[in-house]
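Keep in mind that the numbers below use all heavy atoms, side chains included, and drop hydrogens, waters and symmetry copies. A, B, ... follow the sequence lines: proteins, then strands. Residue 1 opens every chain.
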There are 2 protein chains.
Amino acid sequence: MRIGELARRAQVSGRALRYYEEQGLLTPDRQPSGYRDYGEADVETVRRIRVLLAAGLPTSIIAEVLPCMVDAAGPGGALAPGCPELLPHLEGERDRIAAAIADLTAAHRLLAAVIAATPAMGATPGACAPADGT
Amino acid sequence: MRIGELARRAQVSGRALRYYEEQGLLTPDRQPSGYRDYGEADVETVRRIRVLLAAGLPTSIIAEVLPCMVDAAGPGGALAPGCPELLPHLEGERDRIAAAIADLTAAHRLLAAVIAATPAMGATPGACAPADGT
DNA sequence: CTTGACCTTGACGTCAACGTGAAGCTTTAG
DNA sequence: CTAAAGCTTCACGTTGACGTCAAGGTCAAG
């Protein structure tokens, strides 16, 4: 398929797909016209990229892990065995994500506490922060 | 205390502290010399700022929630009741954080799966990704 | 007084993941 | 045939949270 279709099916912009290629995350074939020619598997690959990006991993890291999860067949996204040389690196990233989850959880608790401490709305002096003119 | 001490005690750069002031997160007094003069409570405030920043909240939002958690006395960071007008906004942020946690958790699972699928190190072809010259 | 550490305000640089034209080729619809 | 999508490669713009000089003022020690 061409870039537009993949963009629609994977819910990303064409620009993003070109960027991913530039970063080595995707390497589509080319039609004689020069148009990019993506395969079906790329849809799933892009989804994985989005998951990892959403987790804050930079494209350079994703480029390393992607070939380790080439494909397989499964709804949950099964994986193939990968490259043991990157293992400590991957474990480091995994731990960084765990730490990030801890941070977010702390922030979540903080916000939840603030929300819980908020007097219910409707009956208050009203003078707090300027609240900014929106 | 002056900016250098706060920087050391709160584990941030002086530049960051000036930036926080610029964004309205901190408003230290000034000594006649023009030097910033921070109070003890600012150490904790900066820690909270860091937690929320680490969670991906922009400084503009943090500026809104900070006055809602003015202070109190507690090891976990107790809170004062806040501004009900911001409540829906805060709930939105809280949900966004929850979504981010979900993303991170998904990525964590993905990485953990890759790691688990990695053949243990030591006995493999070795040809995988170029591994990049570092 | 001099040195040196620490402080001040600008103001430009950085990094990541794209957005957004610009100028031109290709393919599809009619 | 023409017009309209859709594609191509540059290449600069954006956003956020700072880093990093630059050009000084201030303060404690000797």
Short N-O contact, A:R9 and A:E44, less than 4.0 angstrom: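 Here A:R9 does not pair with A:E44 in a salt bridge, since their nearest N and O are not under 4.0 Å apart.
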Under-4.0 Å salt bridge between B:E5 and B:R36: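 Not counted as a salt bridge, because no side-chain N and carboxylate O are separated by less than 4.0 Å.
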Over all strands shown, is [X] touching base, sugar-phosphate only, or nothing at heavy-atom distances under 4.0 angstrom?
X: A:L25; value: nothing
X: B:L17; value: nothing
X: B:R36; value: sugar-phosphate

Less than 4.0 angstrom between a side-chain N/O of [X] and OP1 or OP2 of [N], yes or no?
X: A:T59; N: C:dA16; value: no
X: B:Y20; N: D:dA17; value: no
X: A:S33; N: D:dC7; value: no
X: A:Y19; N: C:dA17; value: yes

N/O donor-acceptor pair, side chain A:R15 with base C:dT20, under 3.5 angstrom: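 Per atom types, the contact qualifies.
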Any donor-acceptor N/O pair under 3.5 Å between C:dC6 base and B:Y35 side chain: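 Pair found.
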From D:dT8, C:dC7, D:dC18, nucleotide with atom closest to A:R30 side chain: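 Between D:dT8, C:dC7, D:dC18, the one nearest the side chain of A:R30 would be D:dT8.
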A:R2, nearest nucleotide to its side chain (from D:dT8, D:dG6, D:dC18): D:dG6
